[in-house]
Protein chains: 2
Amino acid sequence: MSHDPPHIPLPEFPPYLKRERPASRAERTRQALLEAAFLEIYLKGFRAASLSDILEVSGCTKGALYHHFTDKHALGLAALGDAFHRFLDHNWYQPLAGTDDPVTELRRIIERHVNGELGVDPRLGCPINNLSQEMSPIDEEFRLFLSGVLAEWRGHIADALERGKAAGTVRADVDAEGVAAYIVATHQGVSGMLKTTRDISLAEKCAHSYFDYLEHLRA
Amino acid sequence: MSHDPPHIPLPEFPPYLKRERPASRAERTRQALLEAAFLEIYLKGFRAASLSDILEVSGCTKGALYHHFTDKHALGLAALGDAFHRFLDHNWYQPLAGTDDPVTELRRIIERHVNGELGVDPRLGCPINNLSQEMSPIDEEFRLFLSGVLAEWRGHIADALERGKAAGTVRADVDAEGVAAYIVATHQGVSGMLKTTRDISLAEKCAHSYFDYLEHLRA
DNA sequence: AGAAACATACCAACCGGTCGGTTTTTATAT
DNA sequence: ATATAAAAACCGACCGGTTGGTATGTTTCT
């Protein structure tokens, strides 16, 4: 009996995660390492991520790796910080920044997730959540890094909610920070459950309850 | 610079996870292995869990381990299945089974979690969630096992909601299964976020939104 | 020429798992 | 109750494989 899951094809990199071709050769290998590292860590987690595999995928060698990064930690943090910021900026920060009706915009964002439009493989889950769960209890540096990412994420949602309150689209008694925390947590929870059940109908049902809650915030 | 987190003392085993003294010596070593394995896996995750450490903690040897279990997988599944079922039965199934007012009971259960009364270290998170996140994408056997645990969990909540509908404490138009899924997912999400932020005030704020949502289900 | 960028052979530590041998328990016969 | 043989339970040295990291040498760019 094998423990291997049915073959999972490598997820396509969504276009906004693609980088423009860098000029110098050194920078090119650096980017190749970052990209391969992110993919490997996303697929296997940080601890199980193999440097040899990263080197194979990126086409680099150990010498290049340890020339650009001090150790596995530094490589991982660089790769993740980069990818996380791009993803959140493109899918959350920018949409939220452009509206005074955050409830409607949050619904859109969730819908895009459920519909699989964001290039996040539901079987693999949200990489931010994955890393949080794996590394927070055992590595303080990772925990602080991820805690910062989550705080920034909540901050952008809270800002949008505050603007909604000012614009009269959101109830005035809403605790923006608390609701932002709840929204992020729920989002992570649903994507986590999906990873295990692989039952898309569950995601749709959850989204329904999710929307019920969000509508409840309207002025 | 060290990546180690500040020292985390071993969590106390909540009493309902303690086992009565088994009679035979063989059964005693089996239980010692299960207990040590659960603790080690809870602390480090399955892949990072070290058999040598499990043996040291349990006071057993490799020979004993591989006499009782075919391999690491079997040991892990046995240890986790056992612990999960006890935990859920004591903290969720039994309380929910004894009421026709599931909303009030769910509030109580959440409150107990937030207050740390259940012996779950918020820094380490919910073990079911931890294992789900780590193993689901890379091991089909684990995924199916965890998927079953989650389904059972949702099932007990859905049953309680249905009883609430019949008893008139829950709105008749509530989709019990969908809401149960949402409740479990949100619960996992909050406990996951707490693991990274370590900010208890966030848990309280999330609980507030959580309760808002739950109250919204009342008839 | 000198520095930055890379390549490769190598290392100790650890991993899960195996296997031949020893001890303890159990079943049976007396 | 005791002897004994078979089976279950346990022990621990050992194995091949992988890991992250290093040291030394070579190529490429400025």
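Keep in mind that what you see is a predicted model, and the values were worked out from it rather than measured.
Contact annotation: H68(A) reaches the phosphate of dC6(C) (side-chain N/O to OP1 or OP2, under 4.0 Å). Note on S50(B): a side-chain N or O is less than 4.0 Å away from OP1 or OP2 of dC15(C). For the pair S52(B) and dC14(C), the criterion of a side-chain N or O lying under 4.0 Å from OP1 or OP2 is not met.
In this structure, D53(A) atom CG and dG20(D) atom C1' are separated by 13 Å, rounded to whole Å. Put simply, CG on L65(B) is 14 Å from P on dC15(C), counting in whole angstrom units. Rounded to whole angstrom, the span from the CD atom of Q31(B) across to the C1' atom of dC10(D) amounts to 17 Å. Look at CZ on R47(A): it is 15 Å from C1' on dC14(C), rounded to the nearest Å. Across the protein-nucleic acid pair, R28(B) atom CZ and dT24(C) atom P stand 14 Å apart, rounded to whole Å. Rounded to whole Å, atom C1' of dT19(D) lies 14 Å from atom CG of D71(A). Atom NZ in K62(B) sits about 14 Å away from atom P in dC11(D), given to the nearest Å. The separation between L75(B) atom CG and dG16(C) atom P is 10 Å, rounded to whole Å.
A ring-centre distance under 6.0 Å is not found for W153(B) and H85(B). The aromatic ring centres of Y210(A) and H187(A) sit 6.0 Å or more apart.
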For Y182(A) and H208(B), run ring-ring contact (aromatic ring centres under 6.0 Å, His included): C-alpha distance rounded to whole Å, both residues' side-chain angles, the deciding distance at 0.1 Å, then the answer. CA-CA 9 Å; Y182(A) 181 73; H208(B) 189 275; over 10 Å; no
Going through the checks in order, is the salt bridge (charged side-chain N to carboxylate O under 4.0 Å, His left out) test met by R86(A) and D82(A)? CA-CA 6 Å; R86(A) 286 184 206 218; D82(A) 190 42; 3.3 Å; yes
Would E111(A) and R108(A) satisfy salt bridge (charged side-chain N to carboxylate O under 4.0 Å, His left out), going step by step from the backbone distance to the final call? CA-CA 5 Å; E111(A) 248 157 18; R108(A) 282 208 199 98; over 6 Å; no
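Comparing atom distances between the T61(A) side chain and each of dC10(D), dG20(D), dC6(C) picks out dC6(C) as nearest. Ranking dC15(C), dT18(C), dT22(D) by closeness to the Y66(B) side chain, first place goes to dT18(C). Comparing dC6(C), dC10(D), dA13(D) by their closest approach to the side chain of T29(B) singles out dC10(D). When the nucleotides dC6(C), dG21(D), dC10(D) are ranked by their closest atom to the side chain of H67(A), dC6(C) comes out on top.
When heavy atoms are screened at a 4.0 angstrom cut-off, A49(A) is found touching the sugar-phosphate backbone but no base atom.
In the interface, the side chain of K72(B) is not paired with the base of dG17(C) through any donor and acceptor atom under 3.5 Å apart.
Comparing G63(A) and L51(A) against DNA chain D, the residue whose closest nucleotide sits nearer the 5' end is L51(A).
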